[in-house]
Amino acid sequence: MQAKENHNFNFEKATVDQVPTIVKMYQASFAELYHRYHDDATSPYKESAESITQKLQHSNSSYYFIISDKLKVGLIRVVTTVAKKEATISPLLVLPKFQGQKIAQRALQQIELQYPTVKIWYIDTIKQEPKLVHLYLKCGYKLIPDKIQTIKNGMDIVFFRKFNQTS
């Protein structure tokens, strides 16, 4: 069953007992990138349940399932500063069978509305993945000039930021 592009979706805050589901979603969504880049050091595909549990329990970190038609179609994590003036999205994922339906784009737009005090949003992705770079640019994020992290030959991370115009 697929979520329809025009359907509304909502967020459900994840809890520690849902970590096994989060791990499965990471593995399903990041398998292709992992197999392309073989990045054992930083790939969410390799992230352990213990690491995710620690992040979930951190006071400024929240995981949200993206729910459409009562199905978990994706996941987004928001990490805020203590003052909640800045936030980082890491990760944002849409399960493979639901990709290409603008879910990620709409999830970014909607999650930003959930955090009205945040003035600056940050997100990063693999420079060599044009679809991901395009997604963030389309959502109003701008590349941070001269900020790039080389993970390995042929795999670089680029960083984006977006200034919230309404806060």
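Every heavy atom of this structure was used, including side-chain atoms; hydrogens, water molecules and symmetry mates were not.
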* Once you round to the nearest 0.5 Å, how far does CD1 of Ile66 lie from CZ of Phe9? -> 6.0 Å
* Ile123 and its side chain to side chain contact (heavy atoms under 4.5 Å, CB included) partner, picked from Leu132, Val158, Leu108, Thr88 -> Leu108
* Restricting to pairs with a member in residues 138-164, which pass salt bridge (Lys or Arg N to Asp or Glu O under 4.0 Å), not counting sequence neighbours? -> Glu112-Lys162
* Stepwise, does the side chain to side chain contact (heavy atoms under 4.5 Å, CB included) test hold for Phe30 with Leu93? -> CA-CA 8 Å; Phe30 294 110; Leu93 67 87; 3.6 Å; yes
* To do: Quick one: list whatever passes side chain to side chain contact (heavy atoms under 4.5 Å, CB included) with Ala87, sequence neighbours left out.
  => Val78, Thr80, Val118, Trp121
* What pairs with Tyr34 under ring pair (Phe, Tyr, Trp, His ring centres under 6.0 Å), at least two apart in sequence or on another chain? -> Tyr45
* **side chain to side chain contact (heavy atoms under 4.5 Å, CB included), paired with Phe160, selected from Leu143, Ile144, Ile89** => Leu143
* Asked: Going by the salt bridge (Lys or Arg N to Asp or Glu O under 4.0 Å) test, which pairs reach into residues 78-96, not counting sequence neighbours?
  -> none
* To do: Check whether Ile120 and Val79 end up in the same hydrophobic cluster, where Ile, Leu, Val, Met, Phe, Trp and Tyr are linked by side-chain heavy atoms less than 4.5 Å apart.
  => no
* To do: Dump the intermediate steps for side chain to side chain contact (heavy atoms under 4.5 Å, CB included) on Asn60 and Thr81, then the final yes or no.
  => CA-CA 7 Å; Asn60 293 336; Thr81 56; over 6 Å; no
* Asked: Considering residues at least two apart in sequence or located in another chain, which fulfil the side chain to side chain contact (heavy atoms under 4.5 Å, CB included) criterion with Ile151?
  -> Asp39, Thr42, Gln149, Met155, Ile157
* Structure fact -> Phe159 meets the ring pair (Phe, Tyr, Trp, His ring centres under 6.0 Å) criterion, sequence neighbours left out, with none
* Asked: Under the side chain to side chain contact (heavy atoms under 4.5 Å, CB included) test, which residues partner Glu12, sequence neighbours left out?
  -> Gln18, Phe65, Ile67, Lys72
* Asked: Pairs in or reaching into residues 13-34: which pass salt bridge (Lys or Arg N to Asp or Glu O under 4.0 Å), with residues at least two apart or in two chains?
  -> Glu32-Arg36
* Does a side chain donor of either Tyr64 or Gln110 reach within less than 3.5 Å of an acceptor in the other side chain? -> no
* Interatomic distance, Ile52 atom CD1 to Ile22 atom CD1 [nearest 0.5 angstrom] -> 6.0 Å
* Asked: Which pairs with one or both residues in residues 53-65 pass salt bridge (Lys or Arg N to Asp or Glu O under 4.0 Å), sequence neighbours excluded?
  -> Glu47-Lys55
* Sequence-distant partners of Gln57, side chain to side chain contact (heavy atoms under 4.5 Å, CB included), two or more places apart -> Val16, Thr53
* Asked: For Ser61, what residues pass the side-chain hydrogen bond (donor to acceptor under 3.5 Å, both in side chains) criterion, not counting sequence neighbours?
  -> Arg77
